[in-house]
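Ligands are counted one by one from 1 in listed order, and the atoms in each one are counted from 1 as well. Note that the numbering runs from 1 along the sequence shown for the chain.
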Amino acid sequence: MNPFAYSRPDSIDSAIDELVTEPAAKFIGGGTNLIDLMKENIEKPSRLIDINRLPLTDIVELPDGGLRLGALATNADTAYNPLVKERYPLLSQTILAGASPQLRNMATNGGNLFQRTRCYYFYDTSMPCNKRKPGSGCGALNGYNRIHAILGTSDSNPLTTCIATHPSDMCVALAALEAVVRVEGPNGERTVAMADFHRLPGNEPQYDNTLQPGEIVTAIDLPANGFAQHYNYLKLRDRASYAFALVSVAAGLELEGNTVTNARIALGGVAHKPWRKTEAEELLVGKEAVAANFRPVAEKLLEGAKGYGHNTFKIDLAKRAIVRALTEAVTMQKATPQ
Ligand SMILES: Cc1cc2nc3c(=O)[nH]c(=O)nc-3n(C[C@H](O)[C@H](O)[C@H](O)COP(=O)(O)OP(=O)(O)OC[C@H]3O[C@@H](n4cnc5c(N)ncnc54)[C@H](O)[C@@H]3O)c2cc1C
Ligand code: SF4
């Protein structure tokens, strides 16, 4: 691990000032991802700006019926918050499907948005990786790519190729719920729709998201509609717990009788960002909520999917997972999180 300075600002403005003055510094929340990356010499911040004294831990109701999740509220406090459990059980269920109780007690909502890919070659500094070292190549393309992306990949130019996935569970539910990320920086405050927060690799796989230099995430806003009646997070992985998703599906439905009036579906484990396609969701509106109508939705969501050998199984797996997740969302076979 490289030497680094440490500071602990007590206001958002001073945290931003510190980052603007020292761009090679990094904020630290729970440290559950950043410290691992520092130990592996992948992240080498000149300073850790510990943001845990900032007043960003609250979860509060919004006048429009939504909920604001502080960036420093832990994943555990968020998942077990009574309002989240009651009005956004999809989010609660999704957070509890990730990591372990100990990690969720430390991990913050802000930090969860920024967790980096679990691509083996990103972590192995002896291997080429365009995300870790732009222009060096991609070890995964012709390597062991079982956990890698099948949608939205960048593979035409060896110097910019990246087929990594975003590993977060929580972000998949946030995408389905159309959450909004609140950001502050040297130019003031702004909001970013969840759909625009993470990015596809394109020609610059080194960038995971659209945050600008000097900016900090202060909160995540949930819209009023939490799809609390018919929801499901289906996470398929190699172990039943403490493992990242190979494929995951966050689904929310609104029904009149058995007819779908509104649908949201986001996929995890398949792309560089949570994967959503509104055209696929619209296919369901006005249709009966039955498996026969879910299959075309799955086909639409996976349109253009491409496997790289070891991960090709994910294409069919994702289609089946979508049908199952929606079927379970209708019948509510999963227990509401306790
Ligand atoms: C063994 C293990 C298993 C895991 N399994 C899962 C899993 O199954 N599913 C899952 O979703 N996750 C999993 N995780 C990842 C875990 O959820 C993340 O590490 C955690 O959410 C990161 O939050 P943190 O507060 O600890 O972030 P930190 O490590 O403190 O920070 C991560 C990054 O975010 C930046 N950052 C933090 N807060 C802010 C902010 N407010 N504004 C701007 N930048 C900020 C930091 O600068 C840093 O770059 C696992 C982690 C481990 C170690
Ligand atoms: S898939 Fe992306 S993160 Fe993984 S080795 Fe290739 S460039 Fe690096």
Q) Can the ring centroids of Y144 and Y308 be said to lie less than 6.0 angstrom from one another? A) no
Q: Looking only at distances, please establish whether an N/O atom of ligand 1 is found under 3.5 Å from an N/O atom of T108.
A: yes
Q) Taking atom 53 (C) of ligand 1 as the point of reference, which of I216, I95, D36, L54 owns the nearest heavy atom? A) D36
(Q) Please classify the C162 to ligand 2 contact at 4.0 Å (heavy-atom distances, strictly less than): side chain, backbone, both or neither. (A) both
Q | Short N or O distance, G98 and ligand 1, threshold 3.5 Å exclusive | A | no
Q. Does any N or O atom in N33 lie less than 3.5 angstrom from one in ligand 1, N or O only?
A. yes
(Q) At a threshold of 2.8 Å, where the distance has to be below it, does atom 8 (Fe) of ligand 2 have an N, O or S atom of C138 nearby? (A) no
Q. Looking only at distance, does G31 have an N or O less than 3.5 Å from an N or O of ligand 1?
A. yes
Q) How does R237 reach ligand 1, if at all, at less than 4.0 Å between non-hydrogen atoms: by side chain, backbone, both, or neither? A) neither
Q: For the residue pair N33 and E43, confirm or rule out a side-chain donor-acceptor distance under 3.5 Å.
A: no
Q | L103, L72, L56: member with heavy atom nearest to atom 52 (C) of ligand 1 | A | L103
Q. Any Lys/Arg nitrogen of D58 or R68 sitting under 4.0 Å from an Asp/Glu carboxylate oxygen of the other?
A. no
Q: Say whether A97, considering both its backbone and side-chain N or O atoms, lies within less than 3.5 Å of an N or O atom on ligand 1.
A: no
Q | Geometric N/O contact G30 with ligand 1, under 3.5 angstrom | A | yes
(Q) With a heavy-atom distance limit of 4.0 Å, tell me whether C171 approaches ligand 1 through its side chain, its backbone, both, or neither. (A) neither
Q) Do ligand 1 and K235 have nitrogen or oxygen atoms that lie under 3.5 Å from each other? A) yes
Q) So, is C129 placed with an N/O/S atom under 2.8 Å from atom 2 (Fe) of ligand 2, counting both backbone and side chain? A) no
